[in-house]
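Only one structure is covered here, and it is reproduced in the block below.
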Amino acid sequence: MRLPIESIGHKIRTIRKEKGYTLEILAVKTGLSKGLLSQVERGISQPSLDSLWKITRALEASLVHFFEDIDQKHVHLIRREDRRQLLFPNSSGVYSLLAAGGKAKLGLLEVRLRPGEETRDRFVQADGEECLYLLKGNISVYVGDEVFRLKPEDSLYFDSSQPHVVVNEGHEEAVILWALTPPQF
């Protein structure tokens, strides 16, 4: 993978301008030439680690800041046999993590509930959204004061701040795809 010098340069320029520094001022503070700093900001020249360190010190910025939003892996494959199982207090059923990790903005679970099993308020959060898609079985979803009965291929969307419970009130295993953002696991 190539170092994203354009992104690093843009961040340097942004912080420099926020601080009201000209290239001349930054050059004095770092001991680097104005020309080199200009090339780094435009993504033409790749700074050495020593130069980048001097720049971050002069800008009073963390070195990590220049790399933190660079996702080195844009695709994540999770094989069925490699799924992580999650356990939640006061809930029954089997929870398999299908997608989430690092700085993921979306969490996706497969939830399997045997007859009589339920999830209980584990995902209630101040900000976020959830969507359930029922693959198999029949469930009742209690959201606030309302009850929604779902059959296969039904989906239900709701705001995560509302208390909610999912119950398998049917006679066979229920299989649910449960998406939530942001993920809380």
Side-chain donor-acceptor contact under 3.5 Å, Glu130 with Ser160:
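A donor-acceptor contact under 3.5 Å links the two side chains.
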Is there a side-chain contact (heavy atoms from CB on, under 4.5 Å) between Leu98 and Leu177 once you walk through the steps?
CA-CA 9 Å; Leu98 301 179; Leu177 285 182; 3.6 Å; yes
Rounded to the nearest 0.5 Å, what's the gap from [atom1] on [X] to [atom2] on [Y]? Could you check?
{"X": "Glu118", "Y": "Tyr142", "atom1": "CD", "atom2": "OH", "answer": "9.0 Å"}
{"X": "Leu23", "Y": "Arg13", "atom1": "CG", "atom2": "CZ", "answer": "8.0 Å"}
{"X": "Ile55", "Y": "Lys11", "atom1": "CD1", "atom2": "NZ", "answer": "14.0 Å"}
{"X": "Trp178", "Y": "Cys131", "atom1": "CH2", "atom2": "SG", "answer": "11.0 Å"}
{"X": "Ile176", "Y": "Tyr95", "atom1": "CD1", "atom2": "OH", "answer": "8.0 Å"}
{"X": "Asp82", "Y": "Ser96", "atom1": "CG", "atom2": "OG", "answer": "12.0 Å"}

For Asp145, does the CG atom have more than 12 heavy-atom neighbours from other residues, nucleotides or ligands under 6.0 Å away?
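Counting other residues, nucleotides and ligands, CG of Asp145 stays at 12 neighbours or fewer.
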Is the CD atom of Glu24 crowded by more than 12 outside heavy atoms at less than 6.0 Å?
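Counting other residues, nucleotides and ligands, CD of Glu24 exceeds 12 neighbours.
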Side chains of [X] and [Y] in contact at under 4.5 Å (non-hydrogen atoms):
{"X": "Leu37", "Y": "Arg16", "result": "no"}
{"X": "Ile8", "Y": "Leu52", "result": "yes"}
{"X": "Asp154", "Y": "Leu156", "result": "no"}
{"X": "Tyr21", "Y": "Ile15", "result": "no"}

Worked verdict on Leu109 versus Leu97 for side-chain contact (heavy atoms from CB on, under 4.5 Å)
CA-CA 5 Å; Leu109 296 171; Leu97 188 59; 3.8 Å; yes
Shortest non-hydrogen contact from Asn168 to Ala174?
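Closest approach of Asn168 to Ala174: ND2-N, 3.3 Å.
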Which pair of heavy atoms, one from Leu32 and one from Ala27, lies closest together, and at what distance?
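Of all heavy-atom pairs spanning Leu32 and Ala27, the closest is O-CB, 3.2 Å.
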Is there a donor-acceptor pair under 3.5 Å between the side chain of Thr119 and the backbone N or O of Val166?
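Present.
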Hey, is the main chain of Ser38 close enough, under 3.5 Å, to the side chain of Arg42 for a donor-acceptor pair?
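Side chain of Arg42 to backbone of Ser38: a pair is present.
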Treat each ILVMFWY residue as a node, draw an edge where side-chain heavy atoms are under 4.5 Å apart, and state whether [X] and [Y] are in one component.
{"X": "Ile12", "Y": "Val28", "value": "no"}
{"X": "Tyr157", "Y": "Val165", "value": "no"}
{"X": "Leu180", "Y": "Val94", "value": "no"}
{"X": "Ile25", "Y": "Leu36", "value": "yes"}

side-chain contact (heavy atoms from CB on, under 4.5 Å) with Pro152: which residues, sequence neighbours excluded?
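Residues passing side-chain contact (heavy atoms from CB on, under 4.5 Å) with Pro152: Leu134, Asn138.
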Could you walk me through whether Tyr133 and Glu153 pass the side-chain contact (heavy atoms from CB on, under 4.5 Å) test, one step at a time?
CA-CA 6 Å; Tyr133 178 78; Glu153 299 186 19; 3.5 Å; yes
Under the side chain to side chain donor-acceptor pair (under 3.5 Å) rule, collect the residues that match up with Ser155, sequence neighbours excluded.
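Result, side chain to side chain donor-acceptor pair (under 3.5 Å) vs Ser155: none returned.
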Please name all residues satisfying salt bridge (Lys or Arg N to Asp or Glu O under 4.0 Å) with [X], sequence neighbours left out, ordered by chain then number.
{"X": "Arg149", "value": "Glu169"}
{"X": "Lys54", "value": "Asp50"}
{"X": "Lys17", "value": "none"}
{"X": "Glu60", "value": "Lys19"}

Using the side-chain contact (heavy atoms from CB on, under 4.5 Å) rule, take Glu117 and Glu173 through it: C-alpha gap first, then chi angles, then the decisive distance, then the call.
CA-CA 9 Å; Glu117 290 186 323; Glu173 179 183 55; over 6 Å; no
